[in-house]
Student: 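Here it is, the structure, as structure tokens.
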2 protein chains.
Amino acid sequence: MHNAVEAIDFAELVRKAGLRPTRQRLSLARQLFLNGDRHVTAEQLHSESLGQGFGVSLATVYNTLHQFTTAGLLRELVVDAGRSYFDTNVSAHHHLYFEDSGELRDVPGDNVTIGDLPALPDGAEISRVDIIIRVKNGDGTS
Amino acid sequence: MHNAVEAIDFAELVRKAGLRPTRQRLSLARQLFLNGDRHVTAEQLHSESLGQGFGVSLATVYNTLHQFTTAGLLRELVVDAGRSYFDTNVSAHHHLYFEDSGELRDVPGDNVTIGDLPALPDGAEISRVDIIIRVKNGDGTS
DNA sequence: TAGTTTATTAGAATGATTCTAATTTAACTT
DNA sequence: AAGTTAAATTAGAATCATTCTAATAAACTA
């Protein structure tokens, strides 16, 4: 989707999300989308941004992650109690979670198929199906 | 699995989990398993236990929930960041989550089938596959 | 540029969970 | 049954991720 070969207009990206292209949001968008396919926590992104010499407060990291999520640029996912990951891949896909290392890896959506879904109550509508394949004894590096 | 018709020997249940059948653990086991099929948070169980006139501290509720989970009597599940549910149904099944009400409902395991799983790294082994079907606009009461 | 709106921020507040250290209880021994 | 020991319970403090607050700053609009 996004890649390092063709340049991404981050200001455009942020504006399309209905947000002002501030230095902070552009900086975070660059971190998230420049090399694509990331699974980050707010803390990770925050310390990464500090390491790059751009002071972005943790509050802004949280604000921005939520705004990007609302705008459909990110998908929030919960695998562990007490910590949210944000996935830059918003297309249909699922996750492989390495319990030992905490690493999260995408599984193409068509690699997993769901057979019959249960009947839903009247008026109910599926907003999303999350599939997390939890794996142990494997470091996720092979 | 558990039901209200045939009596459950809670002391036996707790002992089989390698734990001493204390008043607190027996009380919590009764709350959890007497009528079966529950999805509770620690806080819920705690206030419920207080309401029944048995003073069980929140710390003990957490300890007990984790011990029961380790013993295979409960399954911990995370649908929302920042709050764990404990499911008394430990057989293979998945979940329907009503985003509006926060209600969680079981989906029989054979109601959902997974087609192809991705290749796993060497040495990796699937410990569990969690499927959460998120539903909106439905109160879960029909 | 002036005025208005939206963002950012430090630090306080919150909420779930875990930890600590002291007390109590269960189980074992004699 | 009393004494001993290991395990369990507890209140309250501590922790960690996240959200809130209210003040300052930057972006947009006219």
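In the text below, chain A, chain B and the rest are named by the order of the sequence lines, each starting its count at 1. Scope of the values below: all heavy atoms of this structure, side chains included, with no hydrogens, waters or symmetry mates. None of the values given here were measured: they were computed from a predicted structure.
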Student: List the residues meeting side chain to side chain contact (heavy atoms under 4.5 Å, CB included) with A/H66, not counting sequence neighbours, and say none if there are none.
Tutor: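 A/H66: side chain to side chain contact (heavy atoms under 4.5 Å, CB included) contacts with A/Y62, A/E76, A/F86.
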
Student: Please answer whether the main-chain N or O of B/D37 pairs with a side-chain N or O of B/T88 as donor and acceptor at a distance below 3.5 Å.
Tutor: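 Yes, because the side chain of B/T88 sits within donor-acceptor range (under 3.5 Å) of the backbone of B/D37.
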
Student: Parallel, tilted or perpendicular: which one describes the rings of A/F68 and A/F33, with boundaries at 30° and 60°?
Tutor: tilted

Student: Using atom CG of A/D80 as one end and atom P of C/dT17 as the other, report the distance to the nearest whole Å.
Tutor: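 Taking CG of A/D80 and P of C/dT17, I get 13 Å after rounding.
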
Student: Summarise how protein sits on nucleotides 15-30 of chain D as a single string, 5' to 3': B when a protein heavy atom is under 4.0 Å from the base, S for sugar-phosphate-only contact, - for no contact.
Tutor: --SBBB------BS--

Student: In whole Å, I'd like the distance from the NE2 atom of B/H46 to the C1' atom of D/dG12.
Tutor: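 These atoms are roughly 13 Å apart.
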
Student: Report for the helix from C/dT1-D/dA30 to C/dT30-D/dA1: angle between first-end and last-end helix axes, five pairs each, rounded to 10 degrees.
Tutor: 30°

Student: Any side-chain hydrogen bond (donor to acceptor under 3.5 Å, both in side chains) pairs touching residues 20-29 of chain B, not counting sequence neighbours?
Tutor: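 Checked against side-chain hydrogen bond (donor to acceptor under 3.5 Å, both in side chains) - neighbours excluded - the pairs reaching residues 20-29 of chain B are B/R25-B/Q67.
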
Student: Distance alone, cut at 3.5 Å: any donor-acceptor contact between the side chains of B/D130 and B/H94?
Tutor: no

Student: Does OP1 or OP2 of D/dT10 have a side-chain N or O of B/Q24 closer than 4.0 Å?
Tutor: yes

Student: Excluding sequence neighbours, so at least two apart, what forms side chain to side chain contact (heavy atoms under 4.5 Å, CB included) with B/L50?
Tutor: B/H46

Student: Who are the side chain to side chain contact (heavy atoms under 4.5 Å, CB included) partners of A/S47, not counting sequence neighbours?
Tutor: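 For A/S47 there are no side chain to side chain contact (heavy atoms under 4.5 Å, CB included) partners, ignoring immediate neighbours.
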
Student: Side chains of A/H39 and A/D106: donor-acceptor distance under 3.5 Å anywhere?
Tutor: yes

